[in-house]
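Report on one structure; see the data block that follows.
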Number of protein chains: 2
Amino acid sequence: MDIKTTCLAILSRGDASGYEIKKTFEDGPFCHIQDAGFGSIYPALGQLRDDGLVTVTEMSQNGRPGKKVHAITPAGRMALVDALAEPSVPDRFRSDFLFRMLFAHLISPNHLEATIEARLSDLREAVVRMENCACSNTIEPSEKFVNGMGLSVYRAMIDYIEDHKIELIGATLLAGAAQ
Amino acid sequence: MDIKTTCLAILSRGDASGYEIKKTFEDGPFCHIQDAGFGSIYPALGQLRDDGLVTVTEMSQNGRPGKKVHAITPAGRMALVDALAEPSVPDRFRSDFLFRMLFAHLISPNHLEATIEARLSDLREAVVRMENCACSNTIEPSEKFVNGMGLSVYRAMIDYIEDHKIELIGATLLAGAAQ
DNA sequence: AAACACATATATCGACTTGATATATATTTG
DNA sequence: CAAATATATATCAAGTCGATATATGTGTTT
């Protein structure tokens, strides 16, 4: 999904500054499925304002740098609904970990095992975070759906790695001995 | 993984032209975990040649545009091993589908159901392709590992969507009726 | 109380990636 | 035989990413 529509979507859930939109990508319900940096968000918000899809109110707080609160307009809501009706583009998954696993025979067995354990640890941490998120009080059906999907996928990954890591490390050891 | 290392990794499995490297991202064992376009591949190959990590042999075939066959050098193999020893960067998953599902209440029920069925169809197709790939004769342990991981994840996604789609569509219908 | 790290907040910049397009020819398909 | 598809390289505008700069409040440690 393009950044402008993504910003509109986040603003449809409540007013926000650019900084708060960025935080939503880090902690919020989007954190596993979308991302954007300041270098994308600020220009996108500027264009949305120029197009009349959001309004900006500068709230200069005592001392702190003035927060620019963005609010979605009726035209913005219409643009969002239109964008959501377009056919979705295919998902994109980029895995540095799996790429390295394809070349396991070029990694030392010790380092290979450490890489696998680090990945398992990261995945288990992600599961705990998502489980806590799911427990929180007022979770909407759509968020529950997406959250549950993420949990299923992460658990499938953990189970698979636990079941097959010995196999991969063993094969790598044999390949090394054969050289 | 950066494009230069990715090209080196592919060339470590055999000589290839830029076009053949691109095809590897579409069909080969990388197709679900990495991607790159011509606009990334050709400049990367040029730099690798300048750095002495690959050699280029122009094979002018009768009529056809001359194929530039790239081969990895010993220095290239060392650079690849060094890069694989670096700590891996976190995986990145971008899902247009799940993003849309988070805003299911802004999509018409008919279109929502069609989107979900299209996604299921795509996922089932991907599973069939990967199962065929796994059946092929001489699959290496590392490829088997990565392929099996992909299958597990895709199956988990299909199962989850099949089990929860009614729930999501139902909740959306209720939300629409409440307005 | 000073020093330090961290959170809030906006903004920009170079380097890189993406997707589209141009060019040219061989082969397959309807 | 014409059209579409596959082979093959290359470039470009537009967009994205990661790092950095700026400025201040808050909490924590020595």
Side-chain angles (χ1 to χ4, degrees), chain A residues 1-7 10-11 15-28 30-31 33-51 54 56-70 83 86-87 89-94 96 99, chain B residues 1-7 10-11 15-28 30-31 33-50 54 56-70 86-87 89-94 96 99:
Chain A
M1 183 65 76
D2 63 295
I3 304 271
K4 283 204 282 182
T5 306
T6 308
C7 286
I10 290 170
L11 291 175
D15 298 352
S17 63
Y19 184 78
E20 287 163 342
I21 289 174
K22 178 76 168 81
K23 269 202 307 182
T24 306
F25 287 117
E26 281 155 13
D27 317 319
F30 306 92
C31 66
I33 56 170
Q34 288 288 337
D35 194 18
F38 290 125
S40 307
I41 292 168
Y42 286 117
L45 287 173
Q47 283 181 32
L48 289 172
R49 186 193 47 203
D50 294 347
D51 295 346
V54 305
V56 185
T57 314
E58 199 150 356
M59 309 243 296
S60 54
Q61 292 170 303
N62 50 336
R64 269 220 198 84
K67 180 195 270 193
K68 288 186 184 171
V69 176
H70 294 74
E86 302 257 305
V89 302
D91 287 6
R92 254 166 59 195
F93 177 60
R94 301 293 269 280
D96 207 56
F99 180 86
Chain B
M1 184 65 77
D2 63 294
I3 304 273
K4 284 204 282 181
T5 306
T6 308
C7 287
I10 290 170
L11 291 175
D15 297 352
S17 64
Y19 183 78
E20 286 164 342
I21 289 175
K22 177 76 168 81
K23 268 201 309 181
T24 306
F25 286 118
E26 281 156 13
D27 317 318
F30 307 91
C31 67
I33 57 170
Q34 287 289 337
D35 195 18
F38 290 126
S40 306
I41 292 170
Y42 285 117
L45 287 174
Q47 282 181 33
L48 289 173
R49 186 192 47 202
D50 293 347
V54 305
V56 185
T57 313
E58 199 149 356
M59 309 242 299
S60 55
Q61 292 169 306
N62 49 335
R64 269 220 199 87
K67 180 195 270 193
K68 288 186 184 171
V69 176
H70 294 72
E86 302 256 307
V89 302
D91 288 5
R92 249 164 66 192
F93 177 59
R94 301 292 271 276
D96 207 57
F99 180 87

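Remember, predicted model here, so these are calculated numbers, not experimental data. So you know, we letter chains A, B, ... as the sequences are listed, proteins then strands, and number each from 1.
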[atom1]-[atom2] distance between [X] and [Y], expressed to the nearest 0.5 angstrom:
| X | Y | atom1 | atom2 | value |
| --- | --- | --- | --- | --- |
| A:F30 | A:I10 | CZ | CD1 | 4.5 Å |
| A:F25 | A:C7 | CZ | SG | 6.0 Å |
| B:R92 | A:D35 | CZ | CG | 7.0 Å |

Indicate whether OP1 or OP2 belonging to [N] is found under 4.0 Å from a side-chain N or O atom of [X].
| X | N | value |
| --- | --- | --- |
| A:Y42 | C:dT10 | yes |
| B:S17 | D:dT7 | no |
| A:R94 | C:dT18 | yes |
| B:K67 | D:dT9 | no |
| A:R92 | C:dG19 | yes |
| A:K68 | C:dA11 | yes |

Within this structure, what is the [atom1]-to-[atom2] distance between [X] and [N], rounded to whole angstrom?
| X | N | atom1 | atom2 | value |
| --- | --- | --- | --- | --- |
| A:D15 | C:dA9 | CG | P | 14 Å |
| B:K22 | C:dT18 | NZ | C1' | 10 Å |
| A:Q47 | D:dA14 | CD | P | 11 Å |
| B:D2 | D:dC17 | CG | C1' | 14 Å |
| B:D35 | C:dT17 | CG | C1' | 11 Å |
| B:L45 | D:dT9 | CG | C1' | 11 Å |
| B:I21 | C:dT17 | CD1 | C1' | 17 Å |
| B:Y19 | C:dT23 | OH | P | 19 Å |

For A:F38 and for B:K23, locate the closest nucleotide of DNA chain D by heavy-atom distance; then report the residue assigned to the nucleotide nearer the 5' terminus.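 On the 5' side of the pair lies B:K23.
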Nearest-nucleotide 5' precedence on DNA chain D, B:E20 against B:P43: B:E20
Base, sugar-phosphate, or nothing: which does B:S40 touch, judged by heavy atoms less than 4.0 Å apart? base
What contact category does B:G18 fall into here, base, sugar-phosphate, or nothing, at under 4.0 angstrom with non-hydrogen atoms? sugar-phosphate
Criterion side chain to side chain contact (heavy atoms under 4.5 Å, CB included) on B:I21 and B:L11, from CA distance to verdict: CA-CA 8 Å; B:I21 289 175; B:L11 291 175; 4.2 Å; yes
Looking at B:Y19, does the NZ or CZ of B:K67 lie under 6.0 angstrom from its six-membered ring centre and within 45 degrees of the ring axis?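 B:K67 over B:Y19 ring: no.
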